[in-house]
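See below for the structure under consideration.
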Amino acid sequence: MYELRKLLDRFWVTREGDPAIYFALKRAQPEYRRFVSEALGWSLIINESVVKLEKAPPRAMPWMGIAAFNAPLDYCLFCAVLLWLADLDDGEQFLLSALTESVEAYLAEIRPVDWTRFTDRKALVRVLRYAEQVELLRAYDGDKEGFAGNRLQEVLYETTGLSRSFPMHFGRDILHCRTVEDFEALAREGEPADRGWQRRKRVYQHLALCPALYWSEEDRSDYDYVKNQHHGISANMENYLGGELHLHKNGAFLVFGEGESCGMAFPGSRVMSDAVLLLCTQLREMVREGVYPRGSDDRVTLSRPQFRQELLRCRDRYAAGLGQELRKLSPDRFCEAITTYMADWMLLEDRGETIRLCPAVGKWCGEFPAAWIAKQGGQNEPLANE
């Protein structure tokens, strides 16, 4: 039951890496294939090596990138590595030096690399580490991290043959695409003229991939669809993912029971989640007291100094429970970390001079037990930190 959740949790499931889940997904695919195609509008790839759900989002968001990558160079290098691996036979072995020569040639006219620069070598180490993590290749001999410090470091690798299944198949020419917006427009091309189909797919994709589905007073088509089809959407999400649909005036959320999750989860087990939940409670109290006015769309706009003040007040108020990692951050770094985390989880919109709080701030709240609060003046053990 809920096998489809495994495909939302991971990029793919390989037969060699996790045979039990791989065969469970293959056996159950008749049960969820229609939902994937008709509701989500995604492609399901099943072959002798891998089961993959091509999870194209309705629109790109910053948190959808590869977490292990730090810069655009990492993505350029990764594409070059994929090109290199695609030309090799399954199980073929190769040396790192041969790979670096080809990568340099591939990127010569796009984004030249110089292996005498530490930053370029370190980026390739990150890329190869990720490629091994997703089972595109295996390291057989040599220091995999050594290339960052020594460009003459050799490593013996072997390809798994999965690289051909890694890129998304668009089914049409993408050479004209230059921006994220070009790819988003491409996803809408060739669809039925019926706007209802596009709207249904957009709603289901948002609920399956994103922390929240918001709408505005100006564009309430998604709200109309969710409101009118609430029971059907709720039943589908329960049947295929096990989540419960929560519908509010300005947003919808797919919520899982205690101990259950699908993909990345908020709130999670990290102390960062605890800090954000405490901050949400504090902000909700301030809104209720009228300190910060709430708009008709349930969003609240604060100046950046106001938001910083709330962040630091929350840290001072609950310092003993936030763990050493957050406590040792400077005020600027603490504010930056929390702001980025909340933006990634669609709890706020960072608009430069202002911070716009989203409706989810009023939904996800937390507090310490009364016993903990009573011990504030004593010797308190901080929460476990990851």
Side-chain angles (χ1 to χ4, degrees), residues 1-13 21-22 24-47 50-61 63-64 165 168-172 183-216 219-248 250-257 260-266 346 360:
M1 192 175 183
Y2 308 141
E3 285 82 1
L4 184 58
R5 285 210 306 224
K6 300 295 183 183
L7 293 175
L8 290 176
D9 287 342
R10 313 176 184 199
F11 179 78
W12 57 18
V13 175
I21 296 179
Y22 169 83
L25 286 167
K26 285 194 70 173
R27 287 193 299 268
Q29 62 90 14
E31 301 173 11
Y32 59 80
R33 180 181 285 276
R34 183 176 179 180
F35 173 72
V36 166
S37 175
E38 296 184 1
L40 294 169
W42 288 334
S43 296
L44 182 64
I45 297 174
I46 301 178
N47 57 40
V50 68
V51 179
K52 176 189 175 187
L53 182 62
E54 297 200 322
K55 301 177 283 291
R59 65 183 179 92
M61 299 181 186
W63 54 268
M64 291 179 176
S165 299
M168 180 175 174
H169 300 275
F170 290 93
R172 67 198 77 174
F183 281 96
E184 291 176 345
L186 183 70
R188 294 190 293 270
E189 291 178 3
E191 293 180 345
D194 180 15
R195 293 185 179 180
W197 155 248
Q198 297 183 23
R199 182 175 55 190
R200 179 176 65 175
K201 184 179 71 171
R202 182 174 65 246
V203 165
Y204 273 98
Q205 289 176 355
H206 262 296
L207 290 173
L209 289 180
C210 303
L213 170 62
Y214 296 128
W215 42 79
S216 64
D219 181 12
R220 297 181 64 83
S221 61
D222 289 350
Y223 170 76
D224 292 336
Y225 178 78
V226 175
K227 181 180 179 181
N228 294 332
Q229 303 296 326
H230 174 264
H231 294 295
I233 296 173
S234 181
N236 280 333
M237 289 304 186
E238 169 62 28
N239 291 338
Y240 294 103
L241 298 178
E244 181 180 347
L245 181 67
H246 287 198
L247 178 61
H248 300 274
N250 287 300
F253 307 84
L254 184 61
V255 180
F256 293 88
E260 296 185 340
S261 66
C262 183
M264 297 185 297
F266 177 83
M346 300 177 70

Between Glu3 and Arg5, does at least one N-O distance fall below 4.0 Å, as a salt bridge requires? no

To the nearest 0.5 Å, what is the distance between CG on Leu25 and CH2 on Trp12? 14.5 Å

Ignoring hydrogens and geometry, is there a side-chain-to-backbone donor-acceptor pair from Arg199 to Asp224 under 3.5 Å? no

CG (Leu241) and OH (Tyr32) are apart, to the nearest 0.5 Å, by 12.0 Å

Taking atom types as modelled and ignoring hydrogens, do the side chains of Tyr204 and Asn236 form a donor-acceptor contact shorter than 3.5 angstrom? yes

So how far is it from Arg59 CZ to Leu209 CG, rounded to the nearest 0.5 Å? 12.0 Å

Check: Phe35 ring centre within less than 6.0 Å of Tyr240 ring centre: yes

Other residues, nucleotides and ligands only: do more than 12 of their heavy atoms fall within 6.0 Å of NE2 on His231? no

Indicate yes or no: does Asp222 engage Arg202 in a salt bridge with an N to O separation below 4.0 Å. yes

Say whether, by atom type as modelled, one donor and one acceptor occur between the side chain of Glu54 and the main chain of Ser43 under 3.5 angstrom. no

So for atom NZ, which belongs to Lys52, do other residues, nucleotides or ligands contribute more than 12 heavy atoms lying within a distance under 6.0 Å? yes

From Tyr225 OH over to Arg200 CZ, what is the distance, rounded to the nearest 0.5 angstrom? 5.5 Å

Name all residues meeting the side-chain hydrogen bond (donor to acceptor under 3.5 Å, both in side chains) criterion together with Arg33; count only those two or more places apart in sequence or in a different chain, and write none if there are none. Gln29

Quick one: ring pair (Phe, Tyr, Trp, His ring centres under 6.0 Å) partners of Trp42, sequence neighbours excluded? none

Got a second to check how far Lys55's NZ is from Met64's CE, nearest 0.5 Å? 11.5 Å

Taking the ring centre of each residue, are His206 and Tyr214 less than 6.0 Å apart? no

Going from CD1 on Ile45 to OG on Ser165, what distance comes out if it is rounded to the nearest 0.5 angstrom? 6.5 Å

